[in-house]
Amino acid sequence: MEKGKNCASYTPSKKRRRSSTISCSVLERWTLPLRLCTRCCLGHLDDNASASRRGLEEVKMKWYLVASLLTVLTSSQGILTTLSQSNGKYKYDYATVPFLAEVFKLIVSSVFLWRECKKSPPAKMTTDWKSVRLFPIPSIIYLIHNNVQFATLMYVDTSTYQIMGNLKIVTTGILFRLFLRKKLSNLQWMAIVLLAVGTTTSQVKGCGEASCDSLFSAPIQGYMLGILSACLSALAGVYTEFLMKKNNDSLYWQNVQLYTFGAIFNVARLVLDDFRGGFEKGPWWQRLFNGYSVTTWMVVLNLGSTGLLVSWLMKYADNIVKVYSTSMAMLLTMVLSVFLFSFKPTVQLFLGIIVCMMSLHMYFAPPNVLVDLPSTVRSDPESLVNVPVDRKTDS
């Protein structure tokens with residue numbers, strides 16, 4: 001009886017083990033497609049993430065290239081303008097250069113827009129008047145800024161004005177944060193301040209010279225107008241970036257609107273100059289190309305190309321990148337002037353270049369490069385131990 005009881009109790013146990021084995025095999029068979037699907041989806045997600053990273057890297061490489069080209073063109077702008085003079089004077093009407101540069105930018109943007117419209121799908125263009133009416137505002141701000149510049153030079157000398165012009169670096173960062181809601185880290189704020197300090201240091205002359213004393217001897221009106229000029233310059237740049245990024249319109253369509261109004265305002269300035277001068281030299285269109293040389297046309301092309309690069313940076317990068325490009329261009333101009341115009345380098349110039357390079361690295365380098373962060377411990381999948389779980393069955 002005891003043996004029969006043991007045999008009887010053995011058979012159900014064997015059945016239970018068999019049924020458990022069958023249920024596990026069935027479960028594996030049904031979950032296999034789910035696991036394969038999950039693995040496939042994860043693979044697609046990894047592919048999409050890597051493609052997105054590659055796209056971001058390509059865009060970054062493009063604006064690095066554009067910013068470098070902008071630095072070179074901006075640095076050569078002052079040199080070409082100086083070379084276009086004859087015996088220290090301009091043989092041409094300098095007010096016509098910005099107008100022709102606006103026309104050049106308008107023609108180039110129109111050609112690229114026409115090519116985009118022929119593609120499929122065509123370029124996106126918002127023609128609503130509520131959107132178009134915003135594009136004259138940058139030209140109006142720059143017009144006011146130019147007048148403030150002339151008013152500032154009535155109270156301060158040229159060197160003091162150049163040094164105060166570096167305030168636009170800091171004001172750009174402040175307006176960039178306030179109006180565009182772009183958050184900057186503490187390291188980036190320190191980098192912006194260092195950039196302003198570096199550019200100012202490179203422009204300060206020796207304290208034994210008269211210009212060093214004139215820096216703090218200007219009347220209060222000169223400092224107030226200098227601050228206003230820096231704020232207007234930053235406001236024009238930040239507002240232009242806002243226009244470029246407020247919708248997904250074609251860059252060239254936005255450029256056409258900007259440069260159309262820019263050309264109109266430059267024509268208005270030329271007409272106003274004619275009225276002020278009593279038309280002594282005739283209307284502006286009759287003397288438009290008077291005194292132009294090859295170097296003068298290079299100035300026009302340089303100014304126009306610089307504007308096109310700035311608009312690209314406003315669309316796909318930001319104002320801070322533009323500020324760094326123009327600041328580095330100023331330092332590059334000083335270095336090139338040593339070889340081209342017998343400019344004597346100073347200790348302040350070398351110190352300013354070092355500080356600006358530190359600022360450039362501090363702003364764009366990843367935080368883990370600048371600060372020693374504690375290394376995070378990541379779990380290695382191969383080091384994970386599989387812990388078996390015994391399932392109890394009802395006896």
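Side-chain atoms are counted along with the backbone in the values below, which use heavy atoms only and exclude waters and symmetry mates.
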Handout entry: Aromatic centroids of Phe364 and Tyr324 separated by under 6.0 Å
Key = yes
Handout entry: Ion pair check, Glu116 and Lys119, cut-off under 4.0 Å
Key = no
Problem - Cationic N near anionic O, under 4.0 Å, Lys281 to Asp273 - result: no
Practice task
Would you check if the side chain of Asn255 reaches a backbone N or O of Leu258 as a donor-acceptor pair within less than 3.5 Å?
Solution key: no
Problem - Exam field: side chain Tyr259 to backbone Gly307, donor-acceptor pair closer than 3.5 Å - result: yes
[X] atom [atom1], neighbour heavy-atom count above 12 within 6.0 Å:
X	atom1	result
Phe275	CZ	no
Lys91	NZ	no
Lys105	NZ	yes
Met362	CE	yes
Arg177	CZ	yes
Asp128	CG	yes

Handout entry: Criterion side-chain contact (heavy atoms from CB on, under 4.5 Å) on Trp284 and Asp93, from CA distance to verdict
Key = CA-CA 9 Å; Trp284 64 271; Asp93 186 359; 5.7 Å; no
For the residue pair [X] and [Y], what are the closest heavy atoms and their distance?
X	Y	result
Gly226	Met164	CA-CE, 4.1 Å
Val204	Ile163	CG2-CD1, 3.9 Å
Ile192	Ser359	N-OG, 4.3 Å
Ala329	Ser75	O-CB, 3.3 Å

Practice task
Using distance alone, with no hydrogens and no angle criterion, decide if Thr200 and Asn166 have a side-chain donor and acceptor under 3.5 Å apart.
Solution key: yes
Practice task
Indicate whether the side chain of Ser202 and that of Thr199 have a donor and an acceptor atom separated by less than 3.5 Å.
Solution key: no
Practice task
From the options Lys315, Lys182, Lys322, Lys246, select the one residue that forms a side-chain contact (heavy atoms from CB on, under 4.5 Å) with Glu241.
Solution key: Lys182
Problem - Within-4.5 Å side-chain heavy-atom neighbours: Phe104 and Leu303 - result: no
Problem - Atom pair CH2 (Trp312) and CG (Leu70), whose distance is rounded to the nearest 0.5 Å - result: 11.5 Å
Exercise for the section: Could you go through the side-chain contact (heavy atoms from CB on, under 4.5 Å) check for Phe135 and Phe261 one step at a time? Expected result: CA-CA 7 Å; Phe135 283 85; Phe261 289 110; 4.0 Å; yes
